[in-house]
Amino acid sequence: MTSSSHPDDTAHPLSRRRFAQLATLGLAAGTGLLGPAPGAAAAPRDGQAYYDRARTLAGDDPVLLALVRALDPATVIPDLTAPEPIMLFDDLAMLSVGFVHAMALLADGGIVLIDALRSPEDARDVLVPGLVSLGADPEEIRYVVVTHGHVDHFGGAQYLADRYGARVLMAPQDWDLVAEARPDHAPVRDLEIADGQRLTLGGTTLRLYHTPGHTPGTVSPVFPVRDGAGRHTAMLWGGTQPPGTASELRTYLASVRSFRRRMHEARVDVELSNHPVDHGLQRVEELRGRTGGEHPFVIGRRRTDRFMAVMDLMLRGRLADI
């Protein structure tokens, strides 16, 4: 592996209660099957022209339309049923509780887990048995890459570190965020992710990019996956819910644009998310019934680029609304 080396509920802006509120907001946009609250009056929005352009760009593409809905400010949280564990690709498993997913990349030298769900109980009752049901050995978990410092992404990480000796990685800014907020189930500070860092296990290398915005240290990985004889390059956007201030939104927008360039350079043709903001749960069911033909998560280089273009427009709308 290549790595850098290296309260009070009212008194502190990132108290435990505030941290929980922020995490809940993150989950709200992470659900994907969102729509306006029943009976809610639609207030005029300066960003509407951008939202309209994003919807036009999405066309009838269900993946892009789901992203438009997820990033629209007028949303509600639906109930979501957790899907059964599934191998999305020959070497990539998805383990989910419905509104948040973890991905397990099965490399020659062990398992790299991307996110760890909400709690030690999720690790014990969802991640571990889920891997076993798919024929993978949890003892092989070598690394847990935490995309950002919200409890629904790091909650099971320390359990996996304690039980299997897994190393936990997070960007330094979000290690700081977690240390300041002191949420339940926080992992002990371990490895820090540098921007563009390579994480290699066996013959598999992930690239980990800083994409701040959702949190100060959000990380989005790019990595190879296999589908039979096919070889593909996947991306996973690390944190979807936009922040609330103009300066944070500009940071988020800059991250979208820099990551879009990196996706182009890496020839990314697979789009993944750690929340179902992308028609993901529906595509999982399509995959279960697949007997050949196109893979529902291999959407091609043009559509993965358009995914980021839609996000760009929706964020510009958010900025215009402030």
Side-chain angles (χ1 to χ4, degrees), residues 3-4 6 13-14 18-19 21-30 67 70-71 73 100 103 114-116 144-154 157 168-181 183 186-187 189-199 206-223 235-266 268 271-275 277-278 304 307-319 321-322:
S3 172
S4 54
H6 26 288
L14 276 175
R18 180 59 180 151
F19 189 91
Q21 291 169 342
L22 290 172
T24 300
L25 287 173
L27 299 182
L67 182 64
L71 293 176
V100 64
M103 304 286 177
I114 302 172
D115 287 336
V144 180
V145 174
V146 179
T147 58
H148 63 272
H150 286 164
V151 69
D152 53 314
H153 297 270
F154 66 66
V168 181
L169 297 87
M170 204 182 320
Q173 297 89 339
D174 273 21
W175 279 120
D176 293 345
L177 177 71
V178 171
E180 193 173 17
R189 191 164 188 148
D190 193 2
L191 302 175
E192 295 185 350
I193 298 172
D195 184 30
Q197 175 178 323
R198 294 176 184 267
L199 176 63
L206 301 83
R207 292 293 296 266
L208 308 174
Y209 295 106
H210 286 189
T211 53
H214 181 64
T215 64
T218 297
V219 168
S220 298
V222 172
F223 52 93
M235 57 75 86
L236 187 148
W237 183 249
T240 306
Q241 169 68 6
T245 70
S247 62
E248 291 170 322
L249 278 168
R250 291 188 187 99
T251 297
Y252 194 123
L253 191 56
S255 293
V256 167
R257 292 172 177 175
S258 65
F259 190 65
R260 187 178 177 188
R261 289 192 298 271
R262 286 161 159 171
M263 285 170 52
H264 178 77
E265 293 165 0
V268 166
E271 178 277 324
L272 301 167
S273 177
N274 49 24
H275 287 292
V277 297
D278 59 349
T304 55
F307 186 89
M308 302 306 292
V310 166
M311 192 181 298
D312 187 296
L313 285 167
M314 293 301 293
L315 290 170
R316 289 162 68 185
R318 292 277 192 133
L319 266 171
D321 280 344
I322 291 179

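In this structure, the separation between OG1 on Thr147 and NE2 on His214 is 7.5 Å, given to the nearest 0.5 Å. With rounding to the nearest 0.5 Å, the separation of CD in Gln197 from CD in Glu192 is 10.0 Å. Atom CZ of Arg207 sits about 9.0 Å away from atom CG of Asp195, to the nearest 0.5 Å. Between His264 atom NE2 and Arg261 atom CZ the span is 11.5 Å, to the nearest 0.5 Å. The line from CE of Met103 to CZ of Phe223 is 7.0 Å long, rounded to the nearest 0.5 Å. Interatomic distance, Arg318 CZ to Leu71 CG, rounded to the nearest 0.5 Å: 6.5 Å.
With sequence neighbours excluded, the residues that form a side chain to side chain contact (heavy atoms under 4.5 Å, CB included) with Ser220 are Thr211, Trp237, Phe259. Every salt bridge (charged side-chain N to carboxylate O under 4.0 Å, His left out) that Arg316 has, sequence neighbours left out, goes to Asp312.
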Subject >> Audit row: Val146, Asp115, side chain to side chain contact (heavy atoms under 4.5 Å, CB included) steps and yes/no >> reply: CA-CA 5 Å; Val146 179; Asp115 287 336; 4.2 Å; yes
* To do: Any chance you could lay out the side chain to side chain contact (heavy atoms under 4.5 Å, CB included) test for Thr240 and Ser273, step after step, and finish with the verdict?
  => CA-CA 9 Å; Thr240 306; Ser273 177; 4.2 Å; yes
- prompt: Step by step, would you call Leu67 with Met311 a side chain to side chain contact (heavy atoms under 4.5 Å, CB included)?
  reply: CA-CA 7 Å; Leu67 182 64; Met311 192 181 298; 4.1 Å; yes
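Between Gly239 and Tyr252, the shortest heavy-atom contact is O-OH, 3.0 Å. For the pair Val268 and Thr304, the tightest heavy-atom approach, listed with the atom from each and the gap, is O-OG1, 3.1 Å. A pairwise comparison of heavy atoms in Ala116 and Ala157 identifies CB-N, 3.5 Å as the closest pair. Closest approach of His210 to Ile193, counting heavy atoms only: NE2-O, 2.7 Å. Annotation for Gly149 and Met170: closest pair CA-SD, 3.9 Å, computed over non-hydrogen atoms. In this structure, Asp321 and Pro73 approach most closely via the heavy-atom pair OD2-CG, 4.3 Å.
Using cut-offs of 30° and 60° for the angle between ring planes, the His153 and His275 rings count as perpendicular.
The salt bridge (charged side-chain N to carboxylate O under 4.0 Å, His left out) pairs that include a residue from residues 242-252 number zero, where partners must be two or more places apart or lie in different chains.
Counting only distance, with no hydrogens or angles, the side chain of Trp175 and the backbone of Leu169 share no donor-acceptor pair below 3.5 Å.
Salt bridge annotation for Asp174-Arg189: absent, with no cationic side-chain nitrogen under 4.0 angstrom from a carboxylate oxygen.
At least one side-chain heavy atom of Phe154 sits under 4.5 Å from a side-chain heavy atom of Pro183.
Screening Thr251, Thr218, Val219 for a side-chain contact (heavy atoms from CB on, under 4.5 Å) with Pro212, the sole residue that qualifies is Thr251.
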